[in-house]
Structures are given as structure tokens and as C-alpha cells.
Amino acid sequence: MTSENVSAFIKNVDPEFYILVVFKHSNKLNDKIILVEIKFFKNKNDLMEHVKSKNYVFLKNPSDENQEKIKKSLNLIRKYLLGRKINLYDEFRLLNVEFLLELKFSSPFSYKIIQTLLTKGYGELTSYSQLGEAIGSKAYRAIGTILKKNPLPLVIPCHRVVKKAGQTGGFMGKMNSGWEIELKRYLINLELAHI
DNA sequence: AAGCGCGGCGCGA
DNA sequence: TCGCGCCGCGCTT
């Protein structure tokens, strides 16, 4: 086996939710490590179901270089959730963690949207229409569908995109209400409180 | 061909 | 003023 999926999760207590973080890397030393997926869950059961369905393997012994990077990555996310003003995209790049964005956002339109979004800093809110204007498009709805399939929330800060009129807007496929929307609001407030 | 994590406009309280 | 519904929009599946 040259390559394997490694996952780990973080529990947040207030509000309570779980974050699954999935890396892919080989056993070889100095080989690249890829951040495959970050996903939120309301409870641990849902998380485990997802892990099972994707055949992810949990990390056992964090000893080699890659596993050290994984530990650092998880700690960065933990610190972020505690309110530290951290740009996870930049930090992960410093760790030489790869994202393979062009795979998930293969069309020029989606790639440009993501690149524009990545210029938004900690606590800097933007809107779907603002992102559209930045790339000369009025396809506001389409921007929503791009962000909806974001495999790396927090790292690709889709929670900073709200509706032009000020409403929270959708998150994780949900529109108006639900714990997903509450989570988006929580993340926004977390950042606004620590700018 | 249908469906959107949106915006804008026009309506009626 | 609002809130709500409808339509247009450009892109994705």
C-alpha cells in the first residue's frame, strides 16, 4: 500500500459539534501530505458513519514526520476554535500541506471564486454578489453552489460569505435554519470577537 | 433539463 | 418601510 487515508476528529464543546479532518499521505518519508476533507457533524455517530462510508482509517501512532504535521494541523484548528486569529490556509501551506484545489474546483469560474475568497482575511465578511463582481460575473446563485461543495471549510473560509442584505445565508447545503446555520453564525461571531 | 448557500423588483400589509 | 413571492441570472450536475 503506497497511500492511505488518515483521519482524526476534534470535539467542540460549546456549542457542541465535531470536526472530521482527513489527510492522505504515503508511508514514505518526505512525501507530500494532502488535506482531503474537513467536515462538521452534530454528533459523533454521524461522524463515524461518514468515516465508515468513506473507508477512512484513523491515525494510530503519531510518530513519523507526516503524522507530526497532522498533529500540528489539528492543533491549529483547535487554537482557531479557541479564538486565536489564525489564517488556516497560510499556516497549512507553511506546513507543506497540500489541498489539490484545482481538482475540486476545476472550472475557471469556480477556481476564480475560490481564489477571490482566499484573499478575504480573518473576520473579513464578504457577500455572494461581491465575489461575483470581483470576477465580473452576475452568477450569484452559481457562487452559492460552488461554495456548497467546499471540501475544506475553515481553510477555505466560506463562512465569511453572507448575503448582501446581511442575512447569514446558507451553510453546508442548508438554507435558513438548523444547526448548520447556527454554526456559520458562531464562526462569524468568533472571528468578529477576535479581530 | 433541472436545480441552486442569490439579487432585484413589485406587490400588499 | 417591511416581508414575501416571483422571475432572471449564470453555472453545475
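Side-chain atoms are counted along with the backbone in the values below, which use heavy atoms only and exclude waters and symmetry mates. Predicted model only: the values in this text are computed from it and were never measured. Chain naming here is simple, since letters A, B, ... match the order of the sequence lines and numbering starts at 1 in each.
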**Q** Calculate the interatomic distance between A:Ile113 atom CD1 and B:dC6 atom P; express it in whole Å.
**A** 14 Å
**Q** Heavy-atom nearest nucleotide on DNA chain C for A:Ile146 versus A:Tyr140: which residue maps closer to 5'?
**A** A:Tyr140
**Q** Is the shortest side-chain N/O distance from A:Ser107 to OP1 or OP2 of C:dT12 below 4.0 Å?
**A** yes
**Q** Would you check if the side chain of A:His194 reaches a backbone N or O of A:Gly83 as a donor-acceptor pair within less than 3.5 Å?
**A** yes
**Q** Below 6.0 angstrom between ring centroids: does that apply to A:Phe17 and A:Phe40?
**A** yes
**Q** Can you measure A:Phe109 atom CZ to C:dG10 atom P for me and round it to whole angstrom units?
**A** 10 Å
**Q** In the structure shown, which nucleotide is the Watson-Crick or G-U wobble counterpart of C:dC9, with both distances under 3.5 Å?
**A** none
**Q** Atom NZ of A:Lys149 and atom C1' of C:dT13: how far apart are they, to the nearest Å?
**A** 9 Å
**Q** Determine, for A:Phe41 and A:Lys44, whether the Lys NZ or Arg CZ falls below 6.0 Å from the six-membered ring centre while staying within 45 degrees of the axis.
**A** no
**Q** In whole angstrom, what separates A:Leu147's CG from C:dC11's C1'?
**A** 13 Å
**Q** Could you check whether A:Tyr128 gets within reach of a base, just the sugar-phosphate, or nothing at all, counting any heavy atom under 4.0 Å?
**A** base
**Q** A:Thr168 near the nucleic acid: base, sugar-phosphate alone, or nothing, with a heavy-atom cut-off under 4.0 Å?
**A** nothing
**Q** How would you label the contact of A:Lys148 with the nucleic acid (heavy atoms, under 4.0 Å): base, sugar-phosphate, or nothing?
**A** base
**Q** Between A:Glu182 and A:Arg185, does at least one N-O distance fall below 4.0 Å, as a salt bridge requires?
**A** yes
**Q** Would you say A:Lys174 places a side-chain N or O within less than 4.0 Å of OP1 or OP2 belonging to B:dG5?
**A** no
**Q** Taking the side chain of A:Ser110 as heavy atoms from C-beta outward, which of C:dG10, B:dG5, C:dT12 is closest to it?
**A** C:dT12
**Q** Side chain of A:Ala142 only, heavy atoms from C-beta on: which candidate in B:dG5, C:dG10, B:dG7 is closest?
**A** C:dG10
**Q** Less than 4.0 angstrom between a side-chain N/O of A:Lys138 and OP1 or OP2 of C:dC11, yes or no?
**A** no
**Q** Check the distance between C:dG3's P and A:Lys163's NZ and give it to me in whole angstrom.
**A** 13 Å
**Q** Nearest to the side chain of A:Arg141 - B:dG5, C:dG8, B:dG8?
**A** C:dG8
**Q** Between the side chains of A:Glu133 and A:Lys138, is the shortest nitrogen-to-carboxylate-oxygen separation below 4.0 Å, so that they form an ion pair?
**A** no
**Q** Starting from P on B:dC6, measure out to CD1 on A:Ile143 and report it in whole angstrom.
**A** 11 Å
**Q** Take atom CG of A:Asn150 and atom C1' of B:dC4, then tell me their distance rounded to the nearest Å.
**A** 16 Å
**Q** Starting at atom CG of A:Leu117, determine the distance to atom C1' of B:dG5, rounded to an integer number of angstrom.
**A** 13 Å
